[in-house]
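Single-structure report; data block below.
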Amino acid sequence: MGRLPQGRTAFALAALYSSLLGGCAAPRGAGDPAPRALAPQFARRVSPFPVVDHAGVPYDYPFLGGFNVPRPQLVDIDGDGDVDLFLQEATGSVMYFEQVREGSGRRFVWRSDRYQELEVGEWYRFADLDGDGDYDLLAEQPFSYIRVYRNDGTPQSPRFVLAADTLKDAEGNPIFSDRQNIPNLTDIDCDAGLDLFLGRVDGTVTRYREEHRDAGGLPRFRFAEDRWEGIEIVQRFGSVRHGANTLVFHDLDGDGDEDLFWGDFFEPGLLLIENRGSCSSPMLRSTPQPFPRNNPVSTSGYNAAAFGDIDGDGRADLLVGVLGGAYNPNRTSSENLHYYRRTGAADFELVTTRFIYTVDVGSESIPAVGDLDGDGDLDLLLANKIDPENLQTSRIYWFENVGTPLRPEFRLRGSLGIEGDYHYAPALGDLDGDGDLDLLLGTFRDRLMLYRNEGTGGRFRFVLADTAFVVITRGSNTTPALGDLDGDGDLDLLIGEGSGTLNFYRNEGTRAEPRFVLVSDEFLGLDAGRRSAPVLADVDGDGDLDLLLGSEAGVVLYRNVGTREAFQFVRDSTFELSAPPFAAPALGDVDGDGDLDLLLGGLGGGLVYFENLSAARRR
């Protein structure tokens, strides 16, 4: 056969890998040698190709994984005169975005998911602890103590080293800090010594005062008082309630003393406690006021504030991370990083509720890839647990590939219109033998629904065919995966579920009329932990289906060391991947280079993308 033109080659590759995901691979002849297995090597990419929303607006970084509880701080970490952005979304790690100037504009450039590999527990605070002009770091030492990192670098090139795994007071006692509260430091009384403030779940504040510096220049704090300044933040819902809280100090009115900003689990807004004293004699016994006064924050609660000059006009703007409190955090699971531009002495204008614009459909996203419109490239489906815009249902969003197999470009086209259940988990495959992709859909319940594709002419149309196509023997949160495990030319079925086991159903029907028969509801004795999410595909390129298994804890690869007809899965202990909690994998040749790339949904409600480098290694 003559060599295909490049475009047709890309088309053929896309069709091949689509079939490995949702259809049947072509049989290998008796004399054909088995392809050489190659351990997959994946590289994280946050913006590998364009992805735009329904209005055509590009996502800044499409594949950051989404945000549910972004905890922001704005500090000039590189000493270049502008503030950089740190965000904590996951326990233990901090994301870093450098502010860079581009012509007359500015933007925040993603640099790392794990800034300097710092372990920060549930919270972090930058501050110059040793008075040398650069930022050091306090963070949670699990559980509910305080870890200290000293910056042994410079203001331009920070280098953080662990100085104390547990911060102790002047008497040598560990300082306890409730892990659900985010504390802060400032020199509240202008005595040239730092004060440490710890919010308590009873709505009060504990103060420690710096007594002296140790040999390494770090402060040693002595307990000063509980119930500092008589502050007690409460909300009344039939009874008095206190909650988890965040503390931020900022001189809002420029009078030389620090005002206090409080976010609380039971407070939908952000509270300002104005300092009506002076720098040397602070007085914060004023009544808490909603902030900003001209445009108060109103969210699901538990708000974390950060002040800094974002737009370069010389005035401190405001970022608010919405951690989600008593007012249904499901509704703020995607719009949770609010940017307020300062417009006056104390006036702020809300600019956006998604300051870092990334693909984010809410929480606990699950992807599927396949050529839905028959144009030779892979499209994308992304489902959520509960849709932020309609809390009565989950939704499945469709991103059409409007590019080419070699140059993908995805555009959000909206949702599929399938509603009524929660925790949708889509899988694509040709289940009626008509050459297009049908939809097998898991939910929070114990069953799978079948939607047949009755579209024509490159337009897919999913029509409900069966509300209980398969019902598992026990458990819930069904998450299906399709693939020809026994090499007989039709699709078999694996189902993950809430407890972490796998259910294996062999297709004892045909490609056009599948009949799934339970073989085992504890497939191979595998237990992924909570929320198993399988996908079947030829990950190592040797011609048979491997198993990639996501869960609450991450992703594990089981390579098939058997054959197409007789699988034998063995865990690949060398496979390591930084995955989000509740990782849900999908595989497809997204970039058209002949190997399977990896997309992960997860707790944050977005996508994480890993490019497969195997094709380049084979060349």
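For clarity, every value in this text was computed on a predicted model and none was experimentally measured. In what follows, residues are counted from 1 in the order of the sequence shown.
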Q) When rounded to the nearest 0.5 angstrom, what is the spacing between CG in Asn384 and CD in Glu364? A) 10.0 Å
Q. For the side chain of Asp538 and the backbone of Gly543, is there at least one donor-acceptor N/O pair under 3.5 Å apart?
A. yes
Q. Should Val322 and Tyr302 count as side-chain neighbours, where that means a heavy-atom distance under 4.5 Å?
A. no
Q: Answer with yes or no whether the side chains of Thr393 and Glu419 bring together a donor and an acceptor at under 3.5 Å.
A: no
Q | Exercise: identify the closest heavy-atom pair between Leu518 and Thr473 | A | CD2-CG2, 3.6 Å
**Q.** CA sep, side-chain torsions, deciding dist, call: Phe49, Val590, side chain to side chain contact (heavy atoms under 4.5 Å, CB included)
**A.** CA-CA 10 Å; Phe49 37 76; Val590 178; 3.6 Å; yes
Q. So which pairs with a foot in residues 397-414 pass side chain to side chain donor-acceptor pair (under 3.5 Å), sequence neighbours left out?
A. Asp387-Tyr397, Glu400-Arg413
Q. With side chains defined as the heavy atoms from C-beta onward, is the minimum distance between Val517 and Arg506 less than 4.5 Å?
A. no
Q. If you measure only the distance, is there a donor-acceptor pair under 3.5 Å linking the side chains of Thr501 and Glu522?
A. no
Q: Inspect the contact between Glu497 and Arg530 and indicate whether a charged nitrogen and a carboxylate oxygen are less than 4.0 angstrom apart.
A: no
Q | Atom CD of Glu389: over 12 foreign heavy atoms under 6.0 Å | A | no
**Q.** Distance (rounded to the nearest 0.5 Å) between Ser476 OG and Arg531 CZ
**A.** 8.5 Å
(Q) Closer than 4.0 angstrom, basic N to acidic O: yes or no for Arg445 and Asp421? (A) yes
**Q.** Residue pair Leu380, Leu607: steps toward the side chain to side chain contact (heavy atoms under 4.5 Å, CB included) verdict
**A.** CA-CA 11 Å; Leu380 169 67; Leu607 284 168; 3.5 Å; yes
Q | Residue pair Val535 / Ala586: nearest heavy atoms and the distance that separates them | A | CG2-CA, 4.5 Å
Q. Has Gln116 got more than 12 heavy atoms of other residues, nucleotides or ligands less than 6.0 Å from its CD?
A. yes
Q.
Does any part of the side chain of Leu440, heavy atoms only, come nearer than 4.5 Å to the side chain of Phe469, both counted from C-beta?
A. yes
(Q) Checking the side chain of Asp113 only, and the main-chain atoms of Val94 only, is there a donor and an acceptor separated by less than 3.5 Å? (A) no
Q: Evaluate the side-chain proximity of Phe97 to Leu87: yes if any heavy-atom separation is below 4.5 Å, no if none is.
A: yes
Q. Is it true that a side-chain atom of Ser365 and a backbone atom of Leu382 form a donor plus acceptor pair closer than 3.5 Å?
A. no
Q: Verify, without hydrogens or angle tests, whether Asp492 (side chain) and Asn507 (backbone) share a donor-acceptor contact under 3.5 angstrom.
A: yes
Q) Do other residues, nucleotides or ligands put more than 12 heavy atoms under 6.0 Å from Glu454 CD? A) yes
**Q.** Main-chain N/O of Ala566 paired to Thr563 side chain as donor or acceptor, under 3.5 Å
**A.** yes
Q) Taking the side chain from Asp373 and the backbone from Arg459, do they hold a donor-acceptor pair closer than 3.5 Å? A) no
Q | Sub-6.0 Å ring centroid separation between Tyr424 and Tyr422 | A | no
**Q.** Distance (rounded to the nearest 0.5 Å) between Thr443 OG1 and Asn477 CG
**A.** 8.0 Å
Q) If every non-hydrogen atom of Arg447 is compared with every non-hydrogen atom of Thr478, which pair is closest and at what distance? A) O-OG1, 2.8 Å
Q: Could you check Leu482 against Leu493 for side chain to side chain contact (heavy atoms under 4.5 Å, CB included), going step by step and ending with a plain yes or no?
A: CA-CA 5 Å; Leu482 292 162; Leu493 174 64; 4.0 Å; yes
Q.
Just so I know, are the side chains of Arg511 and Leu431 near enough to count as touching, which here means a heavy-atom distance under 4.5 Å?
A. no
Q: Applying ring-ring contact (aromatic ring centres under 6.0 Å, His included), run through Tyr609 and Phe63 and close with a yes or a no.
A: CA-CA 6 Å; Tyr609 176 78; Phe63 300 110; 5.4 Å; yes
(Q) Quick check against the 3.5 Å criterion: does Asn560 have a side-chain atom that pairs as donor or acceptor with the backbone of Arg564? (A) no
Q. Does Pro388 offer a backbone N or O that forms a donor-acceptor pair with the side chain of Asn330 under 3.5 Å?
A. no
Q.
Tell me whether the rings of Phe610 and Phe42 are parallel (<30°), tilted (30 to 60°) or perpendicular (>60°).
A. perpendicular
Q.
Salt bridge or not between Glu122 and Arg71? Use side-chain N to carboxylate O under 4.0 Å.
A. yes
Q) Would you say Asp379's side chain and Leu372's backbone share a donor-acceptor pair under 3.5 angstrom? A) yes
Q) Between Ser614 and Pro40, what is the shortest heavy-atom contact and its length? A) OG-CA, 3.8 Å
Q) With a 4.5 Å heavy-atom cut-off, do Pro408 and Leu378 have their side chains touching? A) no
Q: Evaluate the ring planes of Phe523 and Phe569, with Trp represented by its six-membered ring, and classify them as parallel (under 30°), tilted (30 to 60°) or perpendicular (over 60°).
A: perpendicular
Q. With side chains defined as the heavy atoms from C-beta onward, is the minimum distance between Leu494 and Pro480 less than 4.5 Å?
A. no
Q | With sequence neighbours excluded, residues passing side chain to side chain donor-acceptor pair (under 3.5 Å) with Arg461 | A | none
Q | Least distance between heavy atoms, Gly550 atom then Ala528 atom | A | O-CB, 4.3 Å
**Q.** Donor-acceptor contact below 3.5 Å, side chain Glu552 vs main chain Gly529
**A.** no
(Q) Measuring from atom CZ of Arg44 to atom CG of Leu64, what distance do you get when rounded to the nearest 0.5 angstrom? (A) 6.0 Å
Q: Specify the closest pair of heavy atoms between Arg179 and Trp123, including all atoms of both residues, with the distance to one decimal.
A: O-CD1, 3.9 Å
(Q) Return the CG to CG distance between Asp595 and Asn612, rounded to the nearest 0.5 Å. (A) 3.5 Å
Q. Quick one: side chain to side chain donor-acceptor pair (under 3.5 Å) pairs with a partner in residues 354-363, sequence neighbours left out?
A. Asp53-Tyr357, Asn68-Ser363
Q.
For Tyr61 and Trp110, take the angle between the two ring planes, folded into 0 to 90°, and tell me which bin it lands in: parallel under 30, tilted 30 to 60, perpendicular over 60.
A. tilted
(Q) Assess the residue pair Arg571 and Val556 against the criterion (side chain to side chain contact (heavy atoms under 4.5 Å, CB included)); give the C-alpha distance rounded to whole Å, side-chain angles, the decisive distance to 0.1 Å, and a yes or no. (A) CA-CA 7 Å; Arg571 179 171 179 173; Val556 176; 3.3 Å; yes
Q: Name the orientation class of the two ring planes belonging to Tyr96 and Phe86 (parallel below 30°, tilted from 30 to 60°, perpendicular beyond 60°).
A: parallel
Q. Can you check whether Leu547 reaches Leu526 side chain to side chain, under 4.5 Å on heavy atoms?
A. yes
Q: Look at Arg474 together with Asp446 and state whether they make a salt bridge at an N to O cut-off of under 4.0 Å.
A: no
Q. Measuring from Asp488:CG to Glu508:CD, what's the distance to the nearest 0.5 Å?
A. 9.5 Å
